[in-house]
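Numbered from 1 within each chain, the chains take letters A, B, ... in sequence-line order.
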Protein chains: 2
Amino acid sequence: MKITGDQALVKKINKSLILHTIRKHAPLSRARVSEITGLNKATVSNLVAELCSEELVNEVGPGESSGGRKPLILHFNDRAGCVIGIELRVRQLTAVLCDLGGHVLKECEVDLENHHLPYVLEQMKRIIAELIGSAPDSHYGIVGIGVGVPGMVDEQGVVLFAPNLGWEMVDLRGLLEQEFSVPVTIDNEANAGAQGELNFGAAQDVRHLLYISAGSGIGSGIIIGGELYKGARGYAGETGHMTIEAEGKPCSCGSRGCWELYASERTYDNPGLNLPARTTPELVRYALDQQEDTLRHFRTIGEYLGIGVTNLINSFNPELIVIGGALSEAEAWLGEPLRRVVAERTLPYHKQQLEITFSKLGSRGTVIGAGFTAVMHFLGRTRVTL
Amino acid sequence: MKITGDQALVKKINKSLILHTIRKHAPLSRARVSEITGLNKATVSNLVAELCSEELVNEVGPGESSGGRKPLILHFNDRAGCVIGIELRVRQLTAVLCDLGGHVLKECEVDLENHHLPYVLEQMKRIIAELIGSAPDSHYGIVGIGVGVPGMVDEQGVVLFAPNLGWEMVDLRGLLEQEFSVPVTIDNEANAGAQGELNFGAAQDVRHLLYISAGSGIGSGIIIGGELYKGARGYAGETGHMTIEAEGKPCSCGSRGCWELYASERTYDNPGLNLPARTTPELVRYALDQQEDTLRHFRTIGEYLGIGVTNLINSFNPELIVIGGALSEAEAWLGEPLRRVVAERTLPYHKQQLEITFSKLGSRGTVIGAGFTAVMHFLGRTRVTL
DNA sequence: AAACTTTGTTTAACCAATATACAAAGTTCA
DNA sequence: TGAACTTTGTATATTGGTTAAACAAAGTTT
């Protein structure tokens, strides 16, 4: 049964529109909301009253007059509730407590000793419980938990396959919802990162974004029309296994010449390179000391990143590309070769209008994005397409 | 100013829903429409009455009773108007006159002697005028012209770049609208093909479709959520220039190792191959005669197609992939190697749920799709996303 | 202090969907 | 055969949302 139109829907659309207008443009008056949205002043007044009584919006007193009656200033009430954002990584678990505005209230980290599901789940539950315990009192309390995991996730929040954890078909959402009785959203780590940059980082208000998470592998978060695109079964964006050398090195995925064999931290293990270290933070320090092998290798990685990025540009024609993940810390050395290769290899029209930047949120992008996914899930959004 | 909700919008949503329900499920009764859409019977009655008086829907008399009063059968009125679909190719111009149901009423073809804009435009105008002249009388007359061109097109219908025609920045929509005073839609040839398969061919009711047009080059039409995805500037889907060999053959686009150098008709010119012909239809005949070099080459093309298709699967995770374009005529020889390579190279979860088929509409897919784009533009569609 | 501006609310009107009742036209089964 | 049931489609009154217009409140300008 499809979605039909009735008055309830109209109200939902307009209320959602007003809520998100206030969230993005606060502080502002009812009159300004009416101007921005095109809704009648009376409609705005009514719906704002409801939003206020739902504690999602606050009236914080009069503002400056612009030649008439003083406006009553509205704010989105960041403190109406809290969410928990979690990033599950290979060696660590990062978790944050955020308010509805995405402000981090508390942060913690645990090292993981192994990847057995019961153990990892135990750690997650412990850290979540701890954060929930330290959450400030609020009208809605904890409204959701968002998790970013290094693997493929379907629409139901089942981790289909996470090679770095050795997980297959883990119903992570079910397990966490059962424990905490709040809505849980599970997302691929790159998708969470994309959400973070889209809402708080380098990609605010971008319609078509490609977020590339380059770390121990490569994954992409694809935002189309302001909306996360997950594909038919939820595992779009597995770009690390894009072939860039038809007869290249064999990959653990069963294919050959995969992009991430040439442009991720997986290259560090290559013995021929003579690298003085095996982790990005260490190599960054060597690069700062002008260590030759490191500089050369970063240049190579940058160039290979450029090849894959070019492929994605040709397919998606995004407005903006954001490079995130552990490798983004090497921006200083990757940026030039990456942009050079993209400029060399893309079609002329792409060059003019495409921007490539590195993550603004750095290593916290994913965990903030995961949390924010839960916020958006709580607030909802109803829109019309013509 | 954003889209707001009011009663007019509600009506638009429901009317659009009913119209498209009838279009897809006809013949059917009002009661059935009410069931399918979830709308109240009275609402359906009212809106169907309007659609009838607008001639978009016809009541064609009573149907079979299922134990009660006989239903009054409704049809979408294919004959309420006509559209013209045009496919502009390198050597030819194909045009069809279609009714609103996508049925071809008349078809013609012109050979092109050169690609100078004035000459091509002259031919297009002549052929369009001829088809308009032969259109049957109908309530709305000619409601639009849809064109598929081998190049990149922006949202305004400007052909940004069409290397095979030597065109740059041609405002084709403007030129045609000025001449004929009906809405004109211009689309990339692969996008038009995707629309054709989506509505009439191998991909009916698929939500996420990837249509790959393999001919003199390779282009892709990307359907996301049932909607054509054009990217930030309208040139998403330029997948032919995806790198599959980082240091491969240089391409005329300025890059190297582009997919279409290995998996399109561009391979035919490679002197080392010893091919007995240089066009797909001829080679198909040789393949039918078991000509060895031809069979081997088709196998190679199929394998390389598989590599690129794998890349796109990893990025987009579509529900269905349809291979169209001139090379689809060689399905018998391309299918096995293509599917084999995809099976070898994709991640395990992709294999289970992905289908790869070849175009059902064959060479007419593009021109029908182009026409149908004009139909959809005329009918409009208003929907809600939660 | 009078005139004008700006903000936000109140009022009445409008209109689309809906539930409900109902009419029309069929089938089923004793 | 005819009474009971089914199905289809329409008519009616109600509901509940947006809106235009008037208005009230609170400021600025001259």
Practice task
Using a cut-off of strictly less than 4.0 Å, decide whether Ser66(A) has a side-chain nitrogen or oxygen near OP1 or OP2 of dT28(D).
Solution key: no
Practice task
Rounded to the nearest angstrom, tell me the gap between atom CD in Glu35(B) and atom C1' in dT6(D).
Solution key: 13 Å
Practice task
Using atom CG of Leu47(B) as one end and atom C1' of dT10(D) as the other, report the distance to the nearest whole Å.
Solution key: 14 Å
Exercise for the section: Rounded off to whole Å, could you give me the CD-to-C1' distance for the Glu50(B) and dC15(C) pair? Expected result: 12 Å
Practice task
Would you classify Asn46(A) as touching base, sugar-phosphate or nothing, given that sugar-phosphate means primed atoms plus P, OP1 and OP2, and contacts are heavy atoms under 4.0 Å?
Solution key: nothing
Handout entry: Ser16(B) backbone acceptor or donor facing His20(B) side chain under 3.5 Å
Key = yes
Practice task
Among dC15(C), dT18(C), dG8(C), find the nucleotide with the atom closest to the side chain of Gln7(A).
Solution key: dC15(C)
Exercise for the section: Under 4.0 Å between any heavy atoms, over every strand shown, what does Ala42(B) touch: base, sugar-phosphate, or nothing? Just pick one. Expected result: base
Practice task
Send over the distance from Lys11(A) NZ to dT19(D) P, rounded to a whole Å.
Solution key: 14 Å
Practice task
Look at the side chain of Arg69(B) and the base of dT8(D), then say whether one donor and one acceptor between them are separated by less than 3.5 Å.
Solution key: yes
Practice task
Check every strand shown and say whether Asp6(B) touches a base, only sugar-phosphate, or nothing at a heavy-atom separation below 4.0 Å.
Solution key: sugar-phosphate
Problem - Residue Val10(A), side-chain heavy atoms: nucleotide from dG8(C), dA19(C), dT18(D) that is nearest - result: dT18(D)
Practice task
Describe the nucleic acid contact of Lys41(A) in one word from base, sugar-phosphate, nothing, applying a heavy-atom distance below 4.0 Å.
Solution key: base
Fill in the blank from the handout: Between CD1 of Ile13(B) and P of dG17(D) the distance, given in whole Å, is 15 Å
Problem - Note: Arg381(A)-Glu227(A) ion pair, threshold 4.0 Å (strictly below) - result: no
Practice task
Spell out, as yes or no, whether a donor-acceptor pair under 3.5 Å connects the side chain of Asp187(A) to the backbone of Ala192(A).
Solution key: no
Exercise for the section: Could you tell me whether the phosphate oxygens of dA17(C), OP1 or OP2, come under 4.0 Å of any side-chain nitrogen or oxygen in Asn14(B)? Expected result: yes
Fill in the blank from the handout: Quick note, Arg30(A) side chain, CB onward, closest among dG8(C), dA20(D), dT18(D) is dG8(C)
Exercise for the section: Determine the contact category for Leu9(B): base if any of its heavy atoms lies under 4.0 Å from a base atom, sugar-phosphate if only primed atoms, P, OP1 or OP2 are that close, otherwise nothing. Expected result: nothing
Exercise for the section: Measure from CG on Leu72(B) to C1' on dG26(C) and round the result to the nearest Å. Expected result: 12 Å
Exercise for the section: State whether Asn40(A) places a side-chain N or O below 4.0 Å from either non-bridging phosphate oxygen (OP1 or OP2) of dA20(D). Expected result: yes
Handout entry: Nearest-Å distance for atom pair CG/P, residues Leu39(A) and dG8(C)
Key = 15 Å
Practice task
Find which nucleotide of DNA chain D each of Thr4(B) and Pro71(B) is nearest to by heavy atoms, and output the residue with the more 5' nucleotide.
Solution key: Pro71(B)
Handout entry: Polar side-chain atom of His208(B) near backbone of Ile224(B) as donor-acceptor pair, under 3.5 Å
Key = no
Practice task
Measure from CD1 on Ile18(A) to C1' on dT18(D) and round the result to the nearest Å.
Solution key: 11 Å
Problem - Side-chain donor or acceptor of Asn58(A) paired with backbone N/O of His75(A) under 3.5 Å - result: no
Fill in the blank from the handout: With the side chain defined as heavy atoms from C-beta on, Lys70(A) is closest, among dG9(D), dA17(C), dG27(D), to dG27(D)
Practice task
Select base, sugar-phosphate, or nothing to describe what Ser65(A) touches, counting heavy atoms under 4.0 Å on all strands.
Solution key: sugar-phosphate
Exercise for the section: Give a yes or no on whether a salt bridge exists between Glu50(A) and Lys11(A), defined as a side-chain N under 4.0 angstrom from a carboxylate O. Expected result: yes
